[in-house]
J.: 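First the structure, which I've put down as structure tokens, then a few questions once you've had a look.
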2 protein chains.
Amino acid sequence: MANWEAYLEDHQEEIDQDLIQLLSIPSVSTSPQHTADVQRAAQWVAARLGQAGGEHVQILETGGHPAVYGDWLHAEGELTVLIYGHYDVQPAEPLELWTTDPFMPRVEGDLIFARGASDMKGNLLLPIAACEALLKTEGKLPVNVKFLFEGEEEIGSPSLAHFMTNHKDLLACDMMASADSGQLSLDEPAIEVGLRGLCAVQVDVRSSGVDLHSGMAGGLVHNAAQALVEILASLKGLDGRVTVTGFYNEVADITPEERQMMDRFPVTDTQLKTMFQVDELFGEPGFTPVERNWVRPTLDINGLWAGFQGTGVKTVIPAEAHAKITCRLVPNQTPEGVLDKVKDYILKHAPSQVKVSFTDLPGQGVPYRIPSQHLGLTAVRQALLQVYGVEPLEIRVGASVPVTAMALQILGVYTVPLGMSLDDEHMHAPDEFYRISNFHRGQVAYVLFLTELVGKQQFLEKR
Amino acid sequence: MANWEAYLEDHQEEIDQDLIQLLSIPSVSTSPQHTADVQRAAQWVAARLGQAGGEHVQILETGGHPAVYGDWLHAEGELTVLIYGHYDVQPAEPLELWTTDPFMPRVEGDLIFARGASDMKGNLLLPIAACEALLKTEGKLPVNVKFLFEGEEEIGSPSLAHFMTNHKDLLACDMMASADSGQLSLDEPAIEVGLRGLCAVQVDVRSSGVDLHSGMAGGLVHNAAQALVEILASLKGLDGRVTVTGFYNEVADITPEERQMMDRFPVTDTQLKTMFQVDELFGEPGFTPVERNWVRPTLDINGLWAGFQGTGVKTVIPAEAHAKITCRLVPNQTPEGVLDKVKDYILKHAPSQVKVSFTDLPGQGVPYRIPSQHLGLTAVRQALLQVYGVEPLEIRVGASVPVTAMALQILGVYTVPLGMSLDDEHMHAPDEFYRISNFHRGQVAYVLFLTELVGKQQFLEKR
């Protein structure tokens, strides 16, 4: 048994207690009443990083919630890895659906229940514990490591791009590793090699200066809600295909390798139906569900409102109507390009009797794809193979993680994912939990991952 | 000058003060915090009716806000008229848009500003003052009169049909006269001889058991908001014509007389555009705006809601989406018949991946039409001719007044309209006002109207 491995075994109880401590801090980034808790969590993480042997540990202002930075940079001639995570969490509401207090962590067998357990305070401690074990036993790390933990991921990382740009030198690295990531199951490791991008816009329709009485104006004027539903219905065919002119023009063709990868992904229609609580799947014709989720773009109505929503009847003709729309983007689509097409199409198809305007929404991100042969992926692959005894599956994810695109754009590096969360762990939902067995093997995986990178500088695929 | 006329002149200042008193009571029927005020208004009206010489004055429970009843029934061998009105008002909000307090009446020249001034506390006092002038000077009324003032008109008269049914004998009459009515302008009198009916339904769409993450489920499942907009867009053509199968089947043809009446109606497209604050009118092709408003049915979306409506972006696929729909009905449509057709059409056109259900809404009413030669109309016509010096125009109204259909169905009598409100008086809106000159001539009109009915029993057109 290696010294670091013995260290982890000897100190595992203390490290478990650390996780319980961190989970006890209600660092809900979206709630003003938790601002002090978010600060406290940053201080806790900074202190823990220093205790692990991190150097230059500091709490940095971002304009929003602070970021925690630390490093260990004495591996001369070796690569530098920037490890990313976030210490903020989603709100715990609705509290009545939790079995026990979301900020009083409860252990039940292999599971630890608390808000943030799976997303992602458990994963956040993996690289800290791994580096501590190496530094306390070997006195050094195999490669140079920087840590960046932010406090705004759950509100869309609004300060992060600006912060990264302002601290380009401090954060300079050869690759980023994101601990905000997961595996397929307790037996099946996976590596996320692609994410969809995102663009968002609000459509605002106005039909008259004021809401009108439907007895006086009904049949005489257009209705903002009617115009909006006509506009929205025109954006997609009844078959689920987006009808916006040119929407699919830039979409990358699916390569044979990608198709193989998707065919290998072990999910059945039945599993998807159970997960989404639907009787029938639905989407763009000609593609499998996995293809639709990983490599096909979408257009979704996320919100809709007009007129009277209370109990009973109000015979009003709404003067205005609104919808929020997001598109998930795939290579080689851009948020700007897709938004332009959607807006053009809407303006061309709107009834002449109404005025359509748009409200720009935050939440834009370019699609992200890391080359399969990237050195960091190889290292993660080796680490997971050793921990699980099984070759990890390369997967893509339909969701968007803005930090990956930011790191590529601002720092010029790819992000490799290494975290231990599983999809069934109620992230963002009541009774969120994390698996303690994964917590332990994740620490080992980080040691192995960093060790795999030793002496590999010449193999690095730079952007 | 007749005695009653002199009485009105002599007492006009006191009667004006009565209006100010009644307008000072915030009898907002929809607001629980104003329940005591609604009661107070009922007591005030009952007391005023007694003071005028009304007999059997009583405040009657309806299950909701009370009704005020009173009568004078000593005109043996003469007709009996039931005079209807309501003493409740709409909420005054938004208060910041009022020039002065909505419940501290302000007189400015001919105008009196207050919530309820035009709708309809001003009109409510007309028949009371008229009867008082006759009773105090002649000691009798020309015909038998009953009064019914309700306190729930502004919330859709939910208790009225049941109340009428329970008090059929008390309310028995030869015709109803509604003071909740108006004229075209200060120079142009009008008689409302038809109203549209109404039916209402809420459409509820469910696509999945819970709201879904658009990154995980986007492209894989149907979206309740998307399904709803497709359903709603299918109900009407882009030209404004309702596409629901059979929607227009029962609609009565327009007679040459009706067409003449509508052609005579003095309203221009420009006036309508100004009134509705729109740049362009819109509606069913092949009909004029007046035809569309008076004799063509409509289908309107009154409210719409799904998913996220807050600031920013939430990448949710809504599990449910809702819309409220009302149709304005014309002879010979029925609320049940039209609702059945709309529901059938929706169920046939809904995507198979979603579940559609309906929530029944209150607010149903059959279309109302009083025959032009009805005795009561003749009397109103004569009264208005004398007051204005101009023959009144017969008009129809696109709105619905449930009480007219109720009286026809439950009491078996037609309703003749006699009120003095004008369309520009900001009913239901900030700075509502009423014209004092109309208040004065309305009292005269009621005396003339009742007098016209003397000895006319044999001419009454019963239902």
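In what follows, chains are A, B, ... by sequence order, proteins preceding strands, each numbered from 1. Since the model is a prediction, treat every value here as computed from it, not as a measurement.
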J.: Let me know if B:A225 has heavy atoms under 4.5 Å from chain A in its side chain, its backbone, both or neither.
T.: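 Looking at B:A225, backbone and side chain both touch chain A.
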
J.: Which atoms of B:D279 are under 4.5 Å from chain A, going by heavy atoms: the side chain, the backbone, both sets, or neither?
T.: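 For B:D279, the side chain is the part near chain A, not the backbone.
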
J.: CE of A:M427 to CD of A:E432: how many Å apart, nearest 0.5 Å?
T.: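 The CD atom of A:E432 is 7.0 Å from CE of A:M427, to the nearest 0.5 Å.
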
J.: How many angstroms lie between atom NE2 of B:H428 and atom OG of B:S118, to the nearest 0.5 angstrom?
T.: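 B:H428 atom NE2 to B:S118 atom OG measures 9.0 Å (nearest 0.5 Å).
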
J.: Who among B:P297, B:G240, B:G303 has the most heavy-atom pairs with chain A under 4.5 Å?
T.: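 Of the candidates given, the most pairs with chain A belong to B:G303.
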
J.: Which one of B:V313, B:N293, B:L228 has the most heavy-atom pairs closer than 4.5 Å to chain A?
T.: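 That would be B:N293.
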
J.: Below 4.5 Å from any heavy atom of chain B, which atoms of A:S214 appear? Answer side chain, backbone, both or neither.
T.: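 The answer is both parts of A:S214.
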
J.: Working to the nearest 0.5 Å, report the span between NE2 of A:H322 and CG of B:L304.
T.: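 Here the interatomic distance stands at 10.5 Å.
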
J.: Where is the tightest heavy-atom contact between A:W305 and A:K324, given as atom of each residue plus distance?
T.: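 Shortest heavy-atom contact: CH2-CE, 3.7 Å.
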
J.: B:F247 vs B:V242, test: side-chain contact (heavy atoms from CB on, under 4.5 Å). Steps then yes/no.
T.: CA-CA 7 Å; B:F247 185 79; B:V242 177; 3.5 Å; yes

J.: Using heavy-atom distances under 4.5 Å, tell me whether B:H213 contacts chain A through its side chain, its backbone, both, or neither.
T.: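 B:H213 touches chain A through side-chain heavy atoms alone.
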
J.: Kindly write out the residues that satisfy ring pair (Phe, Tyr, Trp, His ring centres under 6.0 Å) with A:F265, not counting sequence neighbours, or none if the list is empty.
T.: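 Only A:W294 meet the ring pair (Phe, Tyr, Trp, His ring centres under 6.0 Å) criterion with A:F265.
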
J.: Quick check on B:P351 against chain A: is it the side chain, the backbone, both or neither that has a heavy atom closer than 4.5 Å?
T.: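 Contact with chain A: none, neither part.
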
J.: Measure A:R196 against the heavy atoms of chain B and call it side chain, backbone, both or neither at under 4.5 Å.
T.: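 Side chain only.
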
J.: Tell me, side chain or backbone of A:S234 under 4.5 Å from chain B's heavy atoms, or both, or neither?
T.: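 Neither the backbone nor the side chain of A:S234 comes within 4.5 Å of chain B.
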
J.: Considering only NZ, NE, NH1 and NH2 on the basic side and carboxylate oxygens on the acidic side, decide whether A:D204 and A:K355 come within less than 4.0 Å.
T.: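 Between A:K355 and A:D204 there is no salt bridge, as every charged N stays at least 4.0 Å from the carboxylate O atoms.
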
J.: Heavy-atom pairs under 4.5 Å with chain A: which of B:Q202, B:K236, B:E284, B:R296 has the most?
T.: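 Among B:Q202, B:K236, B:E284, B:R296, the one with the most close pairs to chain A is B:K236.
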
J.: At a heavy-atom separation under 4.5 Å, does B:L198 approach chain A through its side chain, its backbone, both, or neither?
T.: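 When you check distances to chain A, only side chain atoms of B:L198 fall under 4.5 Å.
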
J.: Under 3.5 Å, is there a donor-acceptor pair between the side chain of A:E153 and the main chain of A:V403?
T.: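 Not confirmed, A:E153 side chain does not pair with A:V403 backbone.
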
J.: Identify which of B:L281, B:L232, B:D300 forms the greatest number of heavy-atom pairs closer than 4.5 Å to chain A.
T.: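 Among B:L281, B:L232, B:D300, the one with the most close pairs to chain A is B:D300.
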
J.: Can the positive tip of A:R292 be found less than 6.0 Å from the middle of the six-membered ring of A:F287, inside 45° of the ring normal?
T.: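 No, cation not above the ring by the 6.0 Å, 45° rule.
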
J.: Under 4.5 Å, heavy atom to heavy atom, which residues of residues 314-321 of chain A contact chain B?
T.: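 Interface residues of residues 314-321 of chain A: A:K314, A:T315, A:V316, A:I317, A:P318.
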
J.: In Å and rounded to the nearest 0.5 Å, what is the CZ to CG distance from A:F308 to B:N302?
T.: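 Those atoms lie 9.5 Å apart.
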
J.: Against chain A, label B:S207 side chain, backbone, both or neither, depending on which of its atoms sit under 4.5 Å from a heavy atom there.
T.: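 Contact with chain A: backbone only.
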
J.: Can a cation-pi geometry be assigned to B:R241 and B:Y248, taking NZ or CZ under 6.0 Å from the six-membered ring centre and within 45° of the ring axis?
T.: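 Flagged: B:R241 positioned over aromatic ring of B:Y248.
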
J.: Of the backbone (N, CA, C, O) and the side chain (C-beta and beyond), which part of B:R328 lies under 4.5 Å from a heavy atom of chain A, both, or neither?
T.: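 Looking at B:R328, just its side chain touches chain A.
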
J.: Of the backbone (N, CA, C, O) and the side chain (C-beta and beyond), which part of B:T359 lies under 4.5 Å from a heavy atom of chain A, both, or neither?
T.: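 Neither part; nothing is under 4.5 Å.
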
